[in-house]
Amino acid sequence: MKIGITCYPTYGGSGVVATELGKALAKRGHQIHFISYAMPMRLTGFVENIMYHEVESASYPLFEFPLYTLSLASKMVEVATFEQLDLLHVHYAIPHATSAYLAKQMLGDHKFKIITTLHGTDITLVGLEPSFLPVMKFSIEQSDGVTAVSRFLREKTITNYNIDKEIEVIPNFIDPDAYKRVTTNCVKKRFSPHGEKLLMHVSNFRAVKRVHDVVRIFALVLQRIPSTLVLIGDGPDRSSCESLCRELGIADNVKFLGKQTELADLLSCADLFLMPSQSESFGLSALEAMACEVPVISSSVGGLPELVEHNKTGYIAEIGDVERMAKYAVDLLNNPVKHQAFAAASRKRAEDLFNEELIVSQYIRYYEKILAQ
Ligand code: GMT
């Protein structure tokens, strides 16, 4: 198939899923055309069957805001025409599904199918803004196929937007060969020179991630167990989290690594992964941790209970219940037999339910179904 993929190219789950999907499809011989305003973060080097088309947004003093939606639609028309795309798969509905709709309307003879994958705040937060809601509902309904990354997100889409459309749940995935626990211990020794337990969190440090809760959970754990917290990623809440660590007197035990690419190496050092989010439609970084045999302690929101199996691969607790999450963490870190069982169960769940082979095949079957309609 000839498939166009549009996503945000930045450090974020939807862009990661789109890029890994594109790479996996290219490996299977499909021709993939990424269309975005920058090269997707995980698309490095030359990859057979993958082409990248950059969207250039023109600026003019009259335009107070960039008109990316329009520039993207024009680029979609260009790529679909010259490359004879069969379908255009857009990740994160705003504004990609709208640009795709516009592009399709502009094309006369060669019409492609549009598949929109809903990822999270496009549905649960941003899309609900009155200035976006009508156009979101319309663009989702006009897509030929719609997928959501969890059952939770499918239900939210149906109820929030009153959408009368079949939505296929296709969860996120990992490559179990790329995400596995690596045995080398050297990085761990840097963070835990005296065998301290290592707690980890990876995110874009936005308010929905509640990274302050990560710090507070860790402060409680540290009172009971010698440990280190490693925080990976960057974003709006990073500075205030650094201040909180100083206020709580735990700054020496917390390492802020900023954005990192070699996540499997780092996750392999961790004993626990924390994800106390306010909202999380799936929780891709928690899945990456599980694949590296790291049990997850998370909030019970959104799609997280579909990923984290309570009392088996980790624990879930109410949003903001920092004490309970800390109690779970201490319990697990103090019990090596249980910890080992949770670590093995995490890997097994990631491999059995969310492995690349399984999920990419599911996408291919879905593409074929939509193309046949
Ligand atoms: O929705 C967002 O905040 C952005 C999006 C992204 O691009 O990182 O994250 C969402 O998509 C990920 C990939 O499907 C999911 O793993 C995240 O749970 C989801 N984020 C939220 O729902 C907050």
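When a ligand or atom number is given, it counts from 1 through the structure's own listing order.
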K.L.:
For atom 1 (O) of ligand 1, what's the nearest protein heavy-atom neighbour? Residue, atom name and distance, please.
P.N.:
Thr121 OG1, 2.6 Å

K.L.:
Nearest protein heavy atom to atom 14 (O) of ligand 1, by residue and atom, and its distance?
P.N.:
His119 ND1, 2.6 Å

K.L.:
How close do Glu48 and Ala26 get, heavy atom to heavy atom, and via which atoms?
P.N.:
O-CB, 3.6 Å

K.L.:
Does ligand 1 have any atom sitting under 4.0 Å from a heavy atom of His91?
P.N.:
no

K.L.:
Regarding ligand 1, does Gly15 bring an N or O atom to under 3.5 Å of one of the ligand's N or O atoms?
P.N.:
no

K.L.:
Give me the residue, atom name and distance of the protein heavy atom closest to atom 20 (N) of ligand 1.
P.N.:
Glu280 OE2, 3.4 Å

K.L.:
In plain terms, say whether Arg365 and Glu168 are close enough for a salt bridge, that is, a side-chain N and a carboxylate O under 4.0 Å apart.
P.N.:
no

K.L.:
For Gly12, take its heavy atoms, then give the atoms of ligand 1 lying under 4.0 Å from any of them.
P.N.:
6 (C), 7 (O), 8 (O)

K.L.:
Any donor-acceptor pair under 3.5 Å linking the side chain of Arg42 with the backbone of Val16?
P.N.:
no

K.L.:
Considering only heavy atoms of Gly120, which atoms of ligand 1 have at least one such atom less than 4.0 Å away?
P.N.:
1 (O), 22 (O)

K.L.:
Can you find an N/O atom of Ser281 closer than 3.5 Å to an N/O atom of ligand 1?
P.N.:
yes

K.L.:
For Glu351, is there an ion pair with Arg347 - N to carboxylate O distance below 4.0 angstrom?
P.N.:
yes

K.L.:
Does a salt bridge link Lys209 with Glu280, judged by any charged N lying under 4.0 Å from a carboxylate O?
P.N.:
yes

K.L.:
Please report whether atom 9 (O) of ligand 1 has a protein non-hydrogen atom at a separation of less than 4.0 Å.
P.N.:
no

K.L.:
Should Tyr92 be counted as touching ligand 1, given the test is an N or O pair under 3.5 Å?
P.N.:
no

K.L.:
Does Asp252 pair with Arg246 as a salt bridge, N-O distance under 4.0 Å?
P.N.:
no

K.L.:
Checking a contact table here: which protein heavy atom is nearest atom 7 (O) of ligand 1, and how many Å away?
P.N.:
Ser14 OG, 2.5 Å

K.L.:
Considering only heavy atoms, which of Thr10, Asn172, Leu284 lies nearest to atom 13 (C) of ligand 1?
P.N.:
Asn172

K.L.:
Do Ser346 and Thr313 meet the criterion of a side-chain donor-acceptor pair at a distance under 3.5 Å?
P.N.:
no

K.L.:
Would you mind finding which of Gly302, Ser279, Ser285 brings a heavy atom closest to atom 23 (C) of ligand 1?
P.N.:
Ser279

K.L.:
Does Gly283, backbone or side chain, put an N or O under 3.5 Å from an N or O of ligand 1?
P.N.:
yes

K.L.:
Applying a strict 4.0 Å limit to heavy atoms, is Tyr8 in contact with ligand 1?
P.N.:
no

K.L.:
Counting only nitrogen or oxygen atoms and a 3.5 angstrom limit, does Asn204 reach ligand 1?
P.N.:
no

K.L.:
Within the structure, does Asp122 bring an N/O atom to less than 3.5 angstrom of an N/O atom in ligand 1?
P.N.:
no

K.L.:
Is there a side-chain contact between Met1 and Tyr367 in this structure, where contact means two heavy atoms from C-beta onward sitting under 4.5 Å apart?
P.N.:
yes

K.L.:
Whether Lys104 and Asp144 form a salt bridge (side-chain N of Lys/Arg under 4.0 Å from carboxylate O of Asp/Glu) is what I want to check.
P.N.:
yes

K.L.:
Measure across Leu332 and His339 and return the closest heavy-atom pair with its distance rounded to 0.1 Å.
P.N.:
O-CB, 3.6 Å

K.L.:
Are side-chain heavy atoms of Arg324 and Glu318 found at a separation under 4.5 Å?
P.N.:
no

K.L.:
Does an N or O from Phe282, backbone or side chain, lie closer than 3.5 Å to an N or O of ligand 1?
P.N.:
yes

